[in-house]
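This report concerns only the one structure given below.
Each chain gets a letter, A, B and so on, in the order its sequence line appears, and its residues count up from 1.
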Amino acid sequence: GAVVSQHPSWVICKSGTSVKIECRSLDFQATTMFWYRQFPKQSLMLMATSNEGSKATYEQGVEKDKFLINHASLTLSTLTVTSAHPEDSSFYICRGLAGGRDTQYFGPGTRLTVL
Amino acid sequence: KQEVTQIPAALSVPEGENLVLNCSFTDSAIYNLQWFRQDPGKGLTSLLLIQSSQREQTSGRLNASLDKSSGRSTLYIAASQPGDSATYLCAVKTSGSRLTFGEGTQLTVNP
């Protein structure tokens, strides 16, 4: 079946650095990609929605200049956390939608720890 | 704005017990409701999906019901096993394919 991969699965970085997280759809075309973050013992909160070739739509309270999303192809979307701070430490998960929008696949998540 | 609430936040039961997890949502204009399982530090595993026109779905020891008009869903787990220990999330799908998640129920099944 279709798989969505995320890379890296975990990353530790110093405060002030930037981190890029990749989300790849392996055998389907993800026309829409959703990015979520999950703080410990909390639920998944939607950060932004991106359609291939278009600018991402960010949820209220999510800084678009800090969380850069690129969805340049139907098989790859990236989330870059710029100038990361300890409060950005979280579990980031992508969710890809295929064509008819009834088929969705979640990535396995990326654990980001900012020191 | 859609809000999803799950009760209880945590549940600990002995092995073999039947149990019910609850999910409620504020806006009944949903396309479907889905139950997921999440193991610590891992992604989501889809368990059951109920379309808005359906009342329930079953898979093995799991049964999920949906009462759209009252904004409620339950996940019934029969004959629980230690391997069922995980966090269970419910999510409702609304317009634009948005998913709104509850905060989950952390289940522990003790041997």
Side-chain angles (χ1 to χ4, degrees), chain A residues 1-12 21 23-24 30-51 54 56-62 89-113, chain B residues 1-11 21-27 30-54 57 73 75 85-108:
Chain A
V3 173
V4 172
S5 68
Q6 274 187 245
H7 177 79
S9 57
W10 60 270
V11 57
I12 301 173
I21 300 171
C23 181
R24 292 182 183 274
T31 53
T32 303
M33 194 69 78
F34 298 88
W35 285 93
Y36 298 83
R37 63 182 168 186
Q38 184 181 32
F39 294 108
K41 297 195 180 297
Q42 295 187 25
S43 190
L44 279 74
M45 298 301 296
L46 180 64
M47 298 176 66
T49 303
S50 71
N51 293 302
S54 303
T57 301
Y58 291 80
E59 295 298 299
Q60 190 173 8
V62 178
S89 298
S90 187
F91 193 57
Y92 292 86
I93 302 177
C94 62
R95 167 183 165 238
L97 287 189
R101 296 180 177 267
D102 281 341
T103 306
Q104 63 177 5
Y105 303 98
F106 283 88
T110 296
R111 171 73 60 193
L112 169 64
T113 301
Chain B
K1 179 185 175 184
Q2 178 75 266
E3 292 182 3
V4 180
T5 304
Q6 290 187 245
I7 295 174
L11 180 64
L21 308 181
N22 298 288
C23 173
S24 62
F25 46 96
T26 55
D27 186 348
I30 66 170
Y31 290 97
N32 61 47
L33 182 144
Q34 198 162 3
W35 283 92
F36 295 90
R37 169 187 173 136
Q38 185 177 31
D39 292 287
K42 303 293 185 182
L44 303 180
T45 300
S46 179
L47 298 174
L48 290 166
L49 184 149
I50 311 176
Q51 299 292 350
S52 61
S53 58
Q54 297 175 325
Q57 282 287 334
S73 175
L75 177 66
S85 298
T87 296
Y88 290 80
L89 297 166
C90 74
V92 296
K93 181 179 176 181
T94 54
S95 61
S97 295
R98 294 170 63 92
L99 280 185
T100 303
F101 287 84
E103 294 199 345
T105 293
Q106 186 173 349
L107 172 66
T108 303

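Around CZ of A:Arg111, the count of heavy atoms belonging to other residues, nucleotides or ligands within 6.0 Å exceeds 12.
Rounding to the nearest 0.5 Å gives a distance of 14.5 Å between CG of B:Asn22 and OH of B:Tyr88. Atom OG1 in A:Thr49 sits 11.5 Å away from atom CE in A:Met33 (nearest 0.5 Å). Here B:Ser52 contributes atom OG and B:Tyr31 contributes atom OH; the two are 9.0 Å apart, rounded to the nearest 0.5 Å.
In this structure, the portion of B:Phe36 lying under 4.5 Å from any heavy atom of chain A is its side chain and not its backbone. Of the atoms belonging to A:Gln6, not a single heavy atom falls under 4.5 Å from chain B. Both the backbone and the side chain of A:Leu44 come within less than 4.5 Å of a heavy atom of chain B. Contacts of B:Gln6 with chain A are absent, with no heavy-atom separation under 4.5 Å from either backbone or side chain.
Proximity of A:Gln104 to B:Lys93: side-chain heavy atoms (C-beta onward) are nowhere separated by under 4.5 Å.
Taking B:Leu99, B:Thr100, B:Thr87 one by one and counting their heavy-atom pairs under 4.5 Å with chain A, the maximum is reached by B:Leu99.
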